[in-house]
Amino acid sequence: MQIPFHRPYFDSDEITEVTEAIESGWVTMGYKTLDFEKSFGDYTGLSNPIAVNSCTAALHLALRMLDLSPGDEVIIPAMTFAATAEAVCYEGAMPVFADVDRDTHLIDVESFEKKITSSTKAVIPVHYGGQTCDMDSIVDIARKNNLTVIEDAAHALPSYYKGRIAGSPGDIGCFSFYATKTISTGEGGMVVTGNDEWAERIRRLRLHGISRDAWKRYSSEGTWQYDVTEVGFKYNTTDINSALGLAQLRKIDFMNQRREEIAGKYNAAFCESDFFHPYMVLPHNSSSWHLYPLRLNTDALDITRNSFIDELSERGISTGVHYIPLYRFSYYSRFAESVDLYKNTEWIFERQLSLPVYPSMSDEETAYVINAVMDIAEKNKR
Ligand SMILES: *Cc1c(COP(=O)(O)O)cnc(C)c1O
């Protein structure tokens, strides 16, 4: 059996939507994108959804709202994708890495608070795997220190924290529709913010700083006139991508339910086993299960994480590692004082791999993964 790490869930609905976009003759940002933004807002209840071409662009535009200067610092977890740090560097600011919690892989609140200096301007909590960070504590600490809270919600459509949807507790939220994320538009992202002025500025900045969207220029109510108010970006999405997003949003509840079922089967198989350290979802959180982290108990197993991945691969199962800590990269290492400060991040990195979890996985495929994991563990027990 061959089980890829991810398969997007597309059916005839996506094909119909995309065909419509193509046949309309307007393939760049236009009516489908407006529809997608509206549907996203209706589904999530989040304010001012602004579609862009990636979550990296979303994070960049969010950080632009702070008008950062060189020397300014932005705190992010060490255990995240490079995009989180990259966006901070785009703005000439310095990413400062906080350690994460061993059980949840979420930014450790104490470590975050310790990293705050007079130069800190913002914090980017990353809702790892689809579980929301401790937003009450993070927002509270941020308010006391005059920091902006930008949620990296790339994994978190939708995730709930004490009943509130991810993207709402912070000042700005950034979502991803990359190929492997919970819904996919091929490539894409969404910014949300309760700040109407920021929303207006982000809408302009995503398209060259132009004061009216291009589609309005060419529609009957538009004129050829527009202004450029500041240096913008080419971060707009297209109606082809948004057409995919519209179809994906219509099946989002089904897709989430299916990932939850698969994660539930994994939990039942692995959480009671001595071979693994159970990954914890806190009782006040409900995860989107974008990732299913498996953590090897290296005291009970005589096999490294890397060999475990190889053995699964030999059985046709593709996995991932989320993530290589940022300070281990040659570029980002310059922002870390010492690896010793990241005890939990290192602990996780040594033991973690991500198992396939996506709606088109069948029960047979799920059982095949469970059997393979247990069999490899059994054959390598100490
Ligand atoms: C995927 C991802 C991003 C970037 O999303 P893109 O849409 O690919 O730009 C940012 N942060 C995290 C944590 C991610 O997993």
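When a residue number appears, it is its place in the shown sequence, counting from 1. One-based numbering, in listed order, for ligands and for the atoms of each. Keep in mind it's a predicted model, so treat the numbers as computed, not measured. FYI, side chains are in, hydrogens and waters are out, and symmetry mates aren't considered; it's all heavy atoms of this structure.
In the hydrophobic clustering (ILVMFWY side chains linked at under 4.5 Å, chained through shared members), Leu282 is joined by Met280.
Residues meeting the side chain to side chain donor-acceptor pair (under 3.5 Å) test with Gln131, sequence neighbours left out: Tyr279, Asn285. Residues passing the side-chain contact (heavy atoms from CB on, under 4.5 Å) test with Asn297 are His277, Asp299, Ala300, sequence neighbours excluded.
By the 30° and 60° cut-offs, the orientation of the rings of Phe254 relative to Tyr9 is tilted. A perpendicular orientation is assigned to the rings of Phe308 and Phe276, their planes being inclined by more than 60° (bins at 30° and 60°). Relative orientation of the Phe233 and Tyr235 rings is parallel, given thresholds of 30° and 60° on the angle between their planes.
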Can you list every pair where an N/O of ligand 1 is under 3.5 Å from an N/O on the protein?
| unit_1 | atom_1 | unit_2 | atom_2 | d |
| --- | --- | --- | --- | --- |
| ligand 1 | 5 (O) | Ser176 | OG | 3.3 |
| ligand 1 | 7 (O) | Cys55 | N | 2.8 |
| ligand 1 | 7 (O) | Ser176 | OG | 2.7 |
| ligand 1 | 9 (O) | Cys55 | N | 3.2 |
| ligand 1 | 9 (O) | Thr56 | N | 2.9 |
| ligand 1 | 9 (O) | Thr56 | OG1 | 2.5 |
| ligand 1 | 11 (N) | Asp152 | OD1 | 3.3 |
| ligand 1 | 11 (N) | Asp152 | OD2 | 2.8 |
| ligand 1 | 15 (O) | His155 | NE2 | 2.6 |
| ligand 1 | 15 (O) | Lys181 | NZ | 3.1 |
| ligand 1 | 15 (O) | Tyr323 | OH | 3.1 |

